Amino acid sequence: MGKLKRFSILAILLISGTFCFANQISFQIVQHDESLDCVSEDSMIIEDSVLNNFFEYGYIVTNSDAAISESKAQDEKLYKIGQGDAFNGFSDYFIQIRLYYERTEETLSAASDLYEIDFSITSVKTGKKIADKSMKNIKLDRSKKNNLVKISSDLVNEISKALRAYKA
């Protein structure tokens, strides 16, 4: 009876272990803001919120350092670096999130306004680009403290939809 019991426990552990698998995502924040030469606090809030939201969706999450870009060529260079980090970290997917800020007459003394977010999703194993989407006309309300968190939540929701559509 001892051998049968051990075999049954081992079989149950192996079967339940296959159901506990989670996808690993690596993402990178790329900031486009001509008025700043370092990553803004808004970008860091979005990065932290995206990390937390992915974790709540059940993903294993890592991220590359947030960076500043001034051109599409620099975006591509950062993309290759981030995808390499994702590959070396054994991630399933790499996501580059590009944040576009603009400075207007009203924001000359304050932070620039976020007006667009683009993201690209790539399967790290195959190198195939899964999605390349954009969220435009973002309404940033600086009077509400959690507005960036809400925007990040919407972003993660859009990315999750694209990942589910890819898996289906």
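In this text the structure is predicted, and so the values were computed from the model without any measurement. Residue indices begin at 1 and follow the sequence shown.
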Quick one: CG on D48 to CD1 on I45, what's the gap to the nearest 0.5 Å?
-> 8.5 Å
Is the shortest heavy-atom distance from the side chain of D75 to the side chain of H32 under 4.5 Å?
-> yes
Is there a donor-acceptor pair under 3.5 Å between the side chain of S91 and the backbone N or O of F94?
-> no
Taking the side chain as C-beta and beyond, is there a heavy-atom pair between F87 and K125 under 4.5 Å?
-> no
Between CD1 on residue I151 and CG on residue N147, distance to nearest 0.5 Å = 4.5 Å
Polar side chain donor-acceptor pair, E47 to N63, under 3.5 angstrom = yes
Neighbour count above 12 (heavy atom, 6.0 Å) for Q74 CD | yes
Check the hydrophobic clustering (I, L, V, M, F, W, Y; side-chain heavy atoms under 4.5 Å; chains of links allowed) and say if I46 and I68 are grouped together.
-> no
Does the side chain of D92 come within less than 4.5 Å of I25's, by heavy atoms?
-> no
Kindly check if the number of other-residue, nucleotide or ligand heavy atoms within 6.0 Å of CG (D65) is above 12?
-> no
Could you tell me the separation between the CG atom of L114 and the CG atom of D33, rounded to the nearest 0.5 Å?
-> 10.0 Å
With the side chain counted from C-beta on, respond yes when S160 and R164 share a heavy-atom pair under 4.5 Å apart, and no when they do not.
-> yes
For residues S49 and N53, is any side-chain donor paired with an opposing acceptor at under 3.5 Å?
-> yes
Any chain of hydrophobic side-chain contacts (each under 4.5 Å) joining M44 to V50?
-> no
Is there a chain of hydrophobic side chains (I, L, V, M, F, W, Y, each step under 4.5 Å between heavy atoms) that links L78 to V124?
-> no
Check: E116 and M135 side chains under 4.5 Å, non-hydrogen atoms = no
Minimum side-chain heavy-atom gap D113-Y101 below 4.5 Å | no
Can you tell me if S153 uses its side chain to pair, donor with acceptor, with the backbone of V149 under 3.5 Å?
-> no
Around atom NZ of K129, are there more than 12 heavy atoms of other residues, nucleotides or ligands at under 6.0 Å?
-> yes
Is it true that I117 and V39 fall in one hydrophobic cluster, defined by side-chain heavy atoms closer than 4.5 Å?
-> no
Distance-only polar pair, side chains of Q96 and S120, donor-acceptor under 3.5 Å = no
Minimal heavy-atom distance between G127 and Q83, with the atoms involved, is CA-NE2, 4.2 Å
So, Q31 side chain and D42 main chain: donor-acceptor pair closer than 3.5 Å or not?
-> no
At their closest point, which heavy atom of V61 faces which heavy atom of F55, and how far apart are they?
-> CG2-N, 3.8 Å
Going through the checks in order, is the side chain to side chain contact (heavy atoms under 4.5 Å, CB included) test met by T62 and Q24?
-> CA-CA 8 Å; T62 62; Q24 183 170 333; 3.9 Å; yes
Modelled atom types, side-chain donor and acceptor of S134 and R98, under 3.5 Å = no
Under 4.5 Å between any side-chain heavy atoms of I29 and L99, yes or no?
-> yes
Determine the interplanar angle of the Y100 and Y115 rings, folded into 0 to 90°, and report it as parallel if under 30°, tilted if 30 to 60°, perpendicular if over 60°.
-> tilted
Do D118 and K133 sit within salt-bridge range, that is, some charged N less than 4.0 Å from a carboxylate O?
-> no
Minimum heavy-atom distance S123-Y93, with the two atoms named | CA-CD2, 4.1 Å
Enclosure of N88 CG (heavy-atom neighbours >12, cutoff 6.0 Å) = yes
Heavy-atom distance under 4.5 Å between the side chains of I95 and S26, does that happen here?
-> no
Answer with yes or no whether the hydrophobic clustering places I60 together with L51; edges join I, L, V, M, F, W, Y residues whose side-chain heavy atoms lie under 4.5 Å apart.
-> no
Kindly assign one of parallel, tilted or perpendicular to the pair F54 and F27, based on the angle between their ring planes and the thresholds 30° and 60°.
-> tilted
Y59 backbone acceptor or donor facing N23 side chain under 3.5 Å = no
